Amino acid sequence: MTKLGDKIAKKRKDLGLTQSEFAEKLNVTRQTVGRWEQGSILPDIEKISDIAGLLGVSCDYLLQDDLPVEGEETGGASPDNRAVAPAVSRLLADLVGRRVKLRFFEDEGDYELYDKVCLIEAFEGNWVRLSTATPKGEIQRLMPVSSILSFEICPEA
């Protein structure tokens, strides 16, 4: 499980909801909830707010690994005194070197990367550097994080 998956599973169980009941409230399948909890896929960014609302937690709590239990003070820094990075940035930074399938917001993505397995080579602030193989050869792109709607982590080969 991922930390996000652990948090979803724990809070869901604390509320006494089965995966099927939770999935029904979110208009997704039970299998989708199971994959979120296992960490094989991450929820679409649009679903994070719905999940947080249903679980009674903040989006920051779900997405930031170093946040304490809701309601505890942190003073704005992590235990090792570095500033807490934005949640999406932390997720992408943890995926450097991993293969993912990306989905983009309408009219913001690169059609050559759509629904292709891409390697996240680097994450640089608001930008992510990707590469993928195409029939014409390998391509590399620097994409704004804001153009990414969702991503699915692909199994390691």
Side-chain angles (χ1 to χ4, degrees), residues 1-13 17 19-20 22-55 57-67 78-80 82-157:
M1 276 196 209
T2 65
K3 290 184 181 184
L4 173 62
D6 290 337
K7 289 177 183 181
I8 292 172
K10 180 184 181 320
K11 291 292 186 177
R12 175 186 58 77
K13 290 173 186 174
L17 294 171
Q19 284 184 341
S20 295
F22 189 66
E24 185 176 325
K25 291 177 184 293
L26 292 168
N27 295 318
V28 297
T29 66
R30 180 196 58 75
Q31 291 83 356
T32 297
V33 172
R35 289 192 296 257
W36 291 342
E37 292 180 358
Q38 294 169 358
S40 60
I41 63 170
L42 295 172
D44 287 347
I45 205 72
E46 299 163 334
K47 282 286 183 204
I48 294 293
S49 179
D50 296 337
I51 293 167
L54 187 58
L55 296 176
V57 298
S58 69
C59 295
D60 285 342
Y61 169 76
L62 286 176
L63 295 173
Q64 293 184 13
D65 294 341
D66 53 1
L67 282 185
S78 64
D80 62 1
R82 61 187 164 80
V84 176
V88 173
S89 299
R90 287 180 44 84
L91 281 172
L92 290 173
D94 289 343
L95 293 175
V96 171
R98 302 279 310 265
R99 297 196 175 281
V100 298
K101 272 193 180 181
L102 298 169
R103 289 174 199 83
F104 301 98
F105 284 104
E106 195 172 308
D107 298 328
E108 291 190 32
D110 185 319
Y111 74 92
E112 290 184 298
L113 298 178
Y114 181 77
D115 206 33
K116 297 249 190 327
V117 176
C118 299
L119 175 67
I120 296 181
E121 293 185 349
F123 175 70
E124 301 153 3
N126 294 324
W127 298 86
V128 61
R129 190 166 13 107
L130 306 163
S131 66
T132 191
T134 69
K136 298 177 184 177
E138 186 167 316
I139 59 170
Q140 291 186 338
R141 294 285 190 276
L142 189 60
M143 299 291 298
V145 172
S146 62
S147 69
I148 299 171
L149 172 64
S150 66
F151 53 90
E152 178 181 341
I153 301 169
C154 299
E156 296 297 321

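Remember, predicted model here, so these are calculated numbers, not experimental data. Index from 1, following the sequence. The figures here come from the full heavy-atom set of this structure, side chains too, leaving out hydrogens, waters and symmetry mates.
Not a single side-chain hydrogen bond (donor to acceptor under 3.5 Å, both in side chains) links Glu24 to another residue, sequence neighbours left out. Remark: Arg12 pairs with Glu37 by the side-chain hydrogen bond (donor to acceptor under 3.5 Å, both in side chains) rule, at least two apart or across chains. Partners of Arg30 under the salt bridge (charged side-chain N to carboxylate O under 4.0 Å, His left out) rule, at least two apart in sequence or in another chain, do not exist in this structure.
Residues Leu130 and Val128 form a side-chain contact, since some pair of their non-hydrogen atoms from C-beta on lies under 4.5 Å apart. No side-chain heavy atom of Leu42 sits less than 4.5 Å from a side-chain heavy atom of Trp36.
To the nearest 0.5 Å, atoms OG1 (Thr132) and NZ (Lys101) are separated by 10.5 Å. In this structure, the separation between CG on Leu102 and CZ on Arg141 is 12.5 Å, given to the nearest 0.5 Å. Distance CE/Met143 to CD1/Ile120: 12.0 Å, rounded to 0.5 Å. If you take CG on Leu55 and NZ on Lys25, they are separated by 11.0 Å, rounding to the nearest 0.5 Å. Distance check, rounded to the nearest 0.5 Å: NZ of Lys3 to NZ of Lys10 gives 15.5 Å. One distance of note links CD1 of Ile8 with CD of Gln38; it measures 12.0 Å at 0.5 Å rounding.
The nearest pair of heavy atoms linking Glu152 to Ser40 is CG-O, 4.5 Å. Here the shortest heavy-atom pairing between Ala52 and Ser58 reads CB-C, 3.9 Å. Nearest heavy-atom pair across Leu4 and Leu62 is CD1-O, 3.2 Å.
Each of Leu54, Ile51, Val57 was compared with Lys11 under the side-chain contact (heavy atoms from CB on, under 4.5 Å) criterion, and only Val57 meets it.
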